[in-house]
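Heads up: numbering here begins at 1 and tracks the sequence. Atoms within a ligand are numbered from 1 in the order they appear, just like the ligands themselves. Keep in mind it's a predicted model, so treat the numbers as computed, not measured.
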Amino acid sequence: MARFVIQGGRALSGMVDVEGSKNSALPIIAAAGLAARGESRLSNVPRYTDILDLCQILRDLGAEVEWDSDSSLVIRARDLAGSVAPYHLARRLRGSTYVLGLLLARLGRAEVAFPGGCQIGARPVDFHIRGFQALGAETRLEHGIIHARAERLRGTKLYIDRASFGTTINLMIAASLAEGTTVLENAAMEPEVVDLATYLNAMGARVRGAGTGIIRIDGVREPTGTVHEVIPDRLEAGTLLLAGAVTRGDVTVRGVIPEHLRTVLLKLEQAGAQVEEGAETVRVRMPGRPQAVDIETRPHPGFPTDLQPQMVSLLALADGVAVVQETVFENRFGYTQELARLGANITVERDTAIVRGVAELTGAPVEAHDIRGGAALVLAGLAAQGVTEVTGAAHIDRGYHGLERKLAGLGAAIERQEEVGDLLPV
Ligand code: UD1
């Protein structure tokens, strides 16, 4: 398995472009399958492995999915016919659940293997299933496959538990072809929900209220493929800014929507960073040792759970004690055991991590087990003295593309090694 080898201790500085958003592109690629007419041209699509896997699932279902350029996808879904999303692909990514909403709406039946994704909690799909049932579908789970059927989905009013992001997305996709109006209450408010609504509306669907807690969807019969640019990846941008901050550097991310990063930037300022926002850029300078700040993850617009591990890498080196509460996923502190190998002092009790900042981390071999926890280990390695080897790079590749190239462009000494061998200095 591939790994990153990092010679730490260099302050990062410079400008770096961000990719399109994974969590936006996944729903939009699935929703492209709703259109029996026309083609969708999606730009700013990142080549993360989760995206490649979802493209393959759609191809297996009969859609034509081609890369037009490095970051632009063309999808023609006229001949979408199959109803089975296979285990070997669906188990790899959480986004495969969106294929349920798509197939149920478009073909009236779906058989999708129970989804996979990062091991950061139990991650059931009961909210999704209850939503489909409320729209009139019959569902059952058999041998690890979710089976769903409905002649035609019927619009309804329903309350989404815990403002679940994936449930909101899946029901928006399904309700777009339903008969009548669907009202989603306690809907997720993430920018990626708004991006999906923009795309669905451009296809001819009628979605109102995305970005608020109540979304209204008037079903239509025949959406048409259309052109859409995926929003920037606020999570990649946040990771790169935190990489700058943890090394006490000066990093500017370009091609971002600064409002999407607001909560993270506020916390960085509280920790002592200097933040400058431009129209499409954000610059973060960390002139000295960061101060400890407390964090509580929340659905948007709260502090994003997907930046919690990277923030903890920063706090591991902060002056003082930080309390970090994870309220979205119940098992998202596994990576802290790996951070301890670098010398971090973190105690985890249920949903809370107490991070006692240390003056210095020292390089060591560590292993990534999920996308964001893996990114946190890379960041800690960049700040640590000596060599850090992060194995399990494939987990990181699910949500970052060319991370090592971007970090090297900012002055980091990092390289990817495909073979496992002796630890080599870089
Ligand atoms: C998505 C994102 C993930 C992000 C998360 C929260 C993708 C592919 N993943 O995950 O990066 O961290 O939103 O912003 O876009 N839950 C249930 N039953 C369900 C659905 C969810 O109990 O049917 C629970 C989950 O286990 C979790 C909480 O609800 O504890 C929130 O999950 P949700 O918002 O649905 O996250 P995902 O869509 O899985």
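Under the 3.5 Å distance criterion, the side-chain polar atoms of Glu326 are left unmatched by any main-chain donor or acceptor of Arg332. Glu229 places no side-chain N or O within 3.5 Å of a backbone atom of Ser43 that could act as its donor or acceptor partner. In this structure, Asp218 contributes its side chain and Thr181 its backbone to no donor-acceptor pair below 3.5 Å.
Of the polar atoms of Phe329, none of the N or O atoms is found under 3.5 Å from an N or O of ligand 1, judged by distance alone. Geometrically, ligand 1 and Ala163 share no nitrogen or oxygen pair separated by less than 3.5 Å. Considering backbone and side-chain N/O atoms, Lys22 never comes within less than 3.5 Å of an N/O atom of ligand 1.
Heavy atoms of Asp306 found under 4.0 angstrom from ligand 1 belong exclusively to the side chain. Using a 4.0 Å cut-off between heavy atoms, Arg94 contacts ligand 1 through its side chain alone, with no backbone atom that close.
In the vicinity of Tyr98, heavy-atom distances shorter than 4.0 Å reach the ligand 1 atoms 15 (O). Close approach of ligand 1 to Thr305 (heavy-atom distance below 4.0 Å) involves ligand atoms 6 (C), 12 (O). Close contacts between ligand 1 and Phe165 involve ligand atoms 1 (C), 13 (O), 15 (O), 33 (P), 34 (O), 35 (O), 38 (O) [criterion: under 4.0 Å to a heavy atom]. Taking every heavy atom of Arg332 and a limit of under 4.0 angstrom, the matching atoms of ligand 1 come to 12 (O). In the vicinity of Val328, heavy-atom distances shorter than 4.0 Å reach the ligand 1 atoms 27 (C), 28 (C), 30 (O), 31 (C). Heavy-atom proximity to Gly166, at under 4.0 Å, picks out these atoms of ligand 1: 35 (O), 38 (O).
Around atom 24 (C) of ligand 1, the closest heavy atom drawn from Glu190, Arg130, Arg162, His300 belongs to Arg162.
Expressed to the nearest 0.5 Å, how far CG of Leu265 lies from CD of Glu277 amounts to 5.5 Å. Phe114 CZ to Leu141 CG: the interatomic distance, rounded to the nearest 0.5 Å, is 7.0 Å.
Within the structure, ligand 1 lacks Glu192 among the residues with a heavy atom less than 4.0 angstrom away. Under a 4.0 angstrom heavy-atom cut-off, Arg398 registers as lying outside contact with ligand 1.
Ring geometry for His395 versus His369: interplanar angle of 30 to 60°, hence tilted.
Taking the charged nitrogens against the carboxylate oxygens, Glu19 and Arg47 have no contact shorter than 4.0 Å, which rules out a salt bridge. Under 4.0 Å is where a charged nitrogen must lie from a carboxylate oxygen, and between Arg140 and Glu138 no such pair does.
The only option from His300, Lys22, Arg234, His260 that meets the side-chain hydrogen bond (donor to acceptor under 3.5 Å, both in side chains) definition with Glu192 turns out to be Arg234.
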